[in-house]
Amino acid sequence: MKINVLSLFPPMFDGVFHHSIMKKAQEKQAVSLNVVDIREFADNKRQVDDYPFGGGAGMVLKPEPIFNAVESLSTEKNPRIILMCPQGERFTQKKAEELAGEEELIFICGHYEGYDERIREHLVTDEISLGDFVLTGGELAAMAVIDSVVRLLPGVLGNADSPVKDSFSTGLLEHPQYTRPANFRGWKVPDVLTSGNHARVDQWREEQTLKRTLERRPDLFEKIELTAVQQKKVDELKKQKR
């Protein structure tokens with residue numbers, strides 16, 4: 001996968017793109033990451049913003065630098081061009097999985113009061129938001145989205161099953177995890193996990209997944225279709241809570 005990021009502050013990506021999983025993903029040639037300085041594509045003395053027509057507070061990002069920067073990438077394909085924006089679609093694991101299937105992504109990170117509307121109307125294919133809050137710029141949000149996408153690419157994570165079993169990948173929250181020591185300060189790992197009985201372990205994890213989702217994110221049950229066995233277990237858990 002090829003990922004280009006348009007930013008007014010490219011150095012912000014240095015730490016994220018050159019450490020941990022992101023660094024390993026590039027070393028494995030699963031992804032190439034490139035950060036483009038929007039200011040280099042401004043027509044007038046690196047000016048990338050201007051006052052909004054009609055008046056109002058703040059400054060608005062001009063269309064010319066954004067269009068020029070995207071067009072400079074000279075792609076022959078039709079990449080997904082993603083605008084990081086509080087008004088965009090709420091980002092989910094499902095969206096990460098969708099984007100992970102693309103060959104090329106372009107992220108646009110804004111600042112100031114907002115974007116010239118023509119950027120939305122005539123350039124971008126997607127608008128993405130991390131949630132109902134506002135950041136000072138799109139860089140942090142883009143880092144989060146890119147990280148969640150890159151870790152899904154084949155060969156990036158050591159265990160191919162890891163992303164499949166993550167919270168939200170199945171539509172539900174992940175079960176509790178434990179490691180050594182089996183007894184830490186008197187807090188013991190559930191016996192089933194050290195029993196060696198894989199069938200019982202799988203059953204326990206399935207039950208814990210349903211229990212944790214019911215306790216923390218019951219709204220997720222409205223978005224998926226449970227099996228008959230799962231639904232029966234959820235009904236039992238609900239009765240226990242009464």
Side-chain angles (χ1 to χ4, degrees), residues 1 3 21-22 25 30-31 78-105 107 120 124-133 141-179 189-242:
M1 175 182 282
I3 297 179
I21 297 298
M22 301 295 281
V31 66
N78 295 311
R80 298 282 282 274
I81 303 175
I82 301 166
L83 194 71
M84 302 309 304
C85 172
Q87 301 177 24
E89 170 190 355
R90 179 77 66 87
F91 188 62
T92 63
Q93 184 67 19
K94 183 178 180 180
K95 188 70 173 183
E97 293 168 357
E98 175 190 327
L99 294 178
E102 298 289 335
E103 293 185 19
E104 184 173 0
L105 302 174
F107 288 84
R120 302 178 193 274
V124 305
T125 60
D126 301 79
E127 294 184 43
I128 291 180
S129 169
L130 290 190
D132 297 338
F133 56 91
M143 292 175 195
V145 173
I146 292 169
D147 182 275
S148 69
V149 170
V150 170
R151 66 186 299 277
L152 295 175
L153 300 180
V156 170
L157 297 183
N159 188 329
D161 290 335
S162 292
V164 178
K165 297 180 179 179
D166 285 338
S167 291
F168 304 111
S169 291
T170 62
L172 303 172
L173 300 185
E174 188 179 16
H175 55 76
Q177 298 277 15
Y178 295 88
T179 188
V189 172
D191 292 337
V192 63
L193 297 180
T194 59
S195 67
N197 187 325
H198 296 297
R200 286 186 58 209
V201 170
D202 290 342
Q203 181 182 7
W204 180 87
R205 287 176 171 169
E206 172 77 0
E207 292 175 353
Q208 292 299 311
T209 289
L210 296 171
K211 181 179 180 182
R212 176 154 290 185
T213 303
L214 182 62
E215 292 173 345
R216 303 186 182 190
R217 291 292 305 277
D219 58 293
L220 294 178
F221 288 120
E222 300 174 5
K223 303 175 183 179
I224 66 170
E225 184 175 349
L226 298 176
T227 66
V229 174
Q230 288 176 323
Q231 186 62 60
K232 181 179 179 181
K233 187 60 184 180
V234 169
D235 294 338
E236 293 175 356
L237 290 170
K238 288 180 178 178
K239 291 180 181 178
Q240 294 174 9
K241 290 181 62 178
R242 294 173 184 169

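Bear in mind the structure is a predicted one, so any value in this text is a computation, not a measurement. Hydrogens, waters and symmetry mates are skipped; everything else that's a heavy atom, side chains included, is used.
The distance from atom CG of Leu105 to atom CG of Leu99, rounded to the nearest 0.5 Å, is 5.5 Å. Distance check: Thr194 OG1 to Asn197 CG gives 11.0 Å after rounding to the nearest 0.5 Å. Taking OG1 of Thr209 as the reference point, atom CG of Leu214 lies at 12.5 Å (rounded to 0.5 Å). Distance check: Arg205 CZ to His198 NE2 gives 9.5 Å after rounding to the nearest 0.5 Å. To the nearest 0.5 angstrom, Ser148 atom OG is 13.5 Å from Met143 atom CE.
Using a 4.5 Å heavy-atom cutoff, the side chains of Asp147 and Met22 are in contact. Residues Ser129 and Phe91 are not in side-chain contact: their nearest non-hydrogen atoms beyond the backbone lie 4.5 Å or more apart. Val124 places none of its side-chain heavy atoms less than 4.5 Å from the side chain of Arg80. In this structure, the side chains of Leu237 and Lys241 stay at 4.5 Å or more apart for every pair of heavy atoms. Using a 4.5 Å cut-off on side-chain heavy atoms (C-beta onward), Gln203 and Val192 make no contact. No side-chain heavy atom of Leu83 sits under 4.5 Å from any side-chain heavy atom of Thr125. Taking 4.5 Å as the limit, some side-chain heavy atom of Phe221 sits within range of a side-chain heavy atom of Leu210. Using a 4.5 Å heavy-atom threshold, the side chains of Val145 and Leu130 count as touching.
Residues that satisfy the side-chain hydrogen bond (donor to acceptor under 3.5 Å, both in side chains) test with Gln87, not counting sequence neighbours, are absent from this structure. For Gln208, there are no side-chain hydrogen bond (donor to acceptor under 3.5 Å, both in side chains) partners, not counting sequence neighbours.
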List the steps and the verdict of side chain to side chain contact (heavy atoms under 4.5 Å, CB included) for Thr213 and Val234.
CA-CA 10 Å; Thr213 303; Val234 169; over 6 Å; no
Between Leu173 and Leu220, is the side chain to side chain contact (heavy atoms under 4.5 Å, CB included) condition met? List the steps.
CA-CA 9 Å; Leu173 300 185; Leu220 294 178; 4.0 Å; yes
Using the rule given for salt bridge (Lys or Arg N to Asp or Glu O under 4.0 Å), can you reason through Glu98 versus Lys95, listing the C-alpha separation, both sets of side-chain angles and the distance that settles it, and then say yes or no?
CA-CA 5 Å; Glu98 175 190 327; Lys95 188 70 173 183; 3.6 Å; yes
What do the steps show when you test Glu207 against Lys233 for side chain to side chain contact (heavy atoms under 4.5 Å, CB included), and what is the final call?
CA-CA 7 Å; Glu207 292 175 353; Lys233 187 60 184 180; 3.7 Å; yes
Test side chain to side chain contact (heavy atoms under 4.5 Å, CB included) on Glu89 and Glu127 and set out the steps.
CA-CA 6 Å; Glu89 170 190 355; Glu127 294 184 43; over 6 Å; no
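A donor-acceptor contact shorter than 3.5 Å links the side chain of Gln230 to the backbone of Thr227.
Here the closest heavy-atom approach between residue Leu152 and residue Ala100 is recorded as CB-CB, 3.9 Å. Nearest heavy-atom pair across Ala30 and Val156 is CB-CG2, 3.7 Å. Contact record, Ala141 with Met84: CB-CE, 3.6 Å, taken as the closest heavy-atom pair.
With Asp235 as reference, Gln231 is the one residue of Lys238, Lys232, Gln231 to meet the side-chain hydrogen bond (donor to acceptor under 3.5 Å, both in side chains) rule.
A 6.0 Å sphere centred on CD of Glu225 holds no more than 12 heavy atoms belonging to other residues, nucleotides or ligands. Atom CD of Glu236 has more than 12 neighbouring heavy atoms from other residues, nucleotides or ligands inside a 6.0 Å radius.
Applying the side-chain hydrogen bond (donor to acceptor under 3.5 Å, both in side chains) definition to pairs two or more places apart or across chains, those involving residues 214-223 are Arg217-Asp219.
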